[in-house]
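Comments concern the structure below.
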Protein chains: 2
Amino acid sequence: MANMASAKSAGMKSAGMKSTRTKSASPSVCCGSVADVPLDEASADALATAFAALADPARLRLLSLISSAEGGEVCGCDLVEPIGRSQPTVSHHLKILFEAGLVAKEKRGVWVWYRVVPGRFRELRAALA
Amino acid sequence: MANMASAKSAGMKSAGMKSTRTKSASPSVCCGSVADVPLDEASADALATAFAALADPARLRLLSLISSAEGGEVCGCDLVEPIGRSQPTVSHHLKILFEAGLVAKEKRGVWVWYRVVPGRFRELRAALA
DNA sequence: CCAAGACATCGACACTTGTCAATGTCTTGT
DNA sequence: ACAAGACATTGACAAGTGTCGATGTCTTGG
């Protein structure tokens with residue numbers, strides 16, 4: 001019976017003392033990598049939320065449009081047409097990207113200008129180490 | 001007038017001839033980064049599907065468990081209890097991870113052993129460039 | 001051949017998500 | 001003050017997703 005398996009699952013439990021204090025990650029993820037052992041539920045939730053923001057074609061294309069814009073920023077008014085969705089839908093997606101910390105926005109007059117947040121992408125890349 | 005904006009959205013249209021032939025990416029993503037201009041729909045869909053596989057806490061914890069296992073692989077039988085979900089649910093998640101190319105599996109007798117696919121993670125990290 | 005155990009599949013259900021039309025809130029030029 | 005335009009919010013709906021219990025399919029040891 002090949003079961004170091006059962007044996008293993010029985011004995012391994014003490015390693016649970018993570019430094020849960022990892023910067024407290026206020027709104028979004030911040031730390032915690034897939035390589036962590038074990039990834040605690042809280043970190044997993046935060047990471048999952050972040051990746052969920054990337055799990056939509058429309059949002060990926062928005063990110064692509066924003067990051068490739070000259071000057072590194074784009075007026076929201078220029079994002080609706082290329083995406084091919086309604087204005088409320090684009091607004092919705094931009095909100096999700098913003099709340100995930102993937103983009104920053106700044107209101108200038110009537111317009112809102114968006115730009116990507118490189119540090120956030122670095123974090124997520126690090127989580128895929 | 002702050003409107004290079006409207007001007008821009010008006011004039012840019014001819015760029016529509018995508019090279020839809022971008023390697024065809026058979027089962028999963030392969031190419032295409034958020035930094036691509038523009039990210040075509042097909043690449044966006046593929047990338048979104050890949051990130052969707054990462055957009056669940058249970059799956060992230062599975063990846064964490066698998067990648068941190070000694071020898072780099074784990075028997076599926078040891079993944080059910082630590083995740084705290086039913087066996088069918090864990091099986092379901094492993095299937096999604098497998099189909100996303102994030103893990104490989106090998107049947108040995110009654111058991112199935114899982115290991116992560118580093119190259120796949122590299123691809124996704126590259127997409128977040 | 002049979003019983004046991006590891007996985008997979010199925011059916012069902014609650015919950016989430018992407019989308020749009022309609023409508024609301026600001027800001028600006030007239 | 002007003003009309004126009006850029007965004008945001010709301011309400012509704014179809015489609016997708018995570019979860020489980022029940023059941024099916026293999027493989028192995030007896």
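Atom set for the values below is all heavy atoms of this structure, side chains included, hydrogens, waters and symmetry mates excluded. So you know, we letter chains A, B, ... as the sequences are listed, proteins then strands, and number each from 1.
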[atom1] of [X] to [atom2] of [Y]: how many Å apart, nearest 0.5 Å?
| X | Y | atom1 | atom2 | result |
| --- | --- | --- | --- | --- |
| A:L102 | A:S67 | CG | OG | 11.5 Å |
| A:S68 | A:L63 | OG | CG | 10.5 Å |
| A:E123 | A:L47 | CD | CG | 9.5 Å |

Over how many whole Å does the gap from [X] atom [atom1] to [N] atom [atom2] extend?
| X | N | atom1 | atom2 | answer |
| --- | --- | --- | --- | --- |
| B:L62 | D:dT19 | CG | C1' | 14 Å |
| B:I83 | C:dC7 | CD1 | P | 14 Å |
| A:L97 | D:dA8 | CG | P | 12 Å |
| A:K107 | D:dC7 | NZ | C1' | 7 Å |
| A:W111 | D:dA8 | CH2 | P | 15 Å |
| A:L79 | D:dA8 | CG | C1' | 15 Å |
| A:E99 | D:dT9 | CD | C1' | 13 Å |

Quiz item: What string of B, S and - do you get for nucleotides 8-23 of chain C 5' to 3' if you count protein non-hydrogen atoms under 4.0 Å?
Solution: BB--------SBBBB-
Quiz item: Is a side-chain N or O of A:S64 found less than 3.5 angstrom from the main chain of A:L60, in a donor-acceptor match?
Solution: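 No; zero donor-acceptor contacts below 3.5 Å.
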Practice problem: Mind checking side chain to side chain contact (heavy atoms under 4.5 Å, CB included) for A:H92 and listing every partner two or more places apart, or none if nothing turns up? | Solution: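 Testing A:H92 for side chain to side chain contact (heavy atoms under 4.5 Å, CB included), a comparison that skips the adjacent residues, returns A:I96.
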Quiz item: Out of curiosity, does A:V117 fall in the hydrophobic cluster containing A:L128 (side-chain heavy atoms, cut-off under 4.5 Å, transitive links)?
Solution: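 No: no chain of side-chain contacts under 4.5 Å links A:L128 to A:V117.
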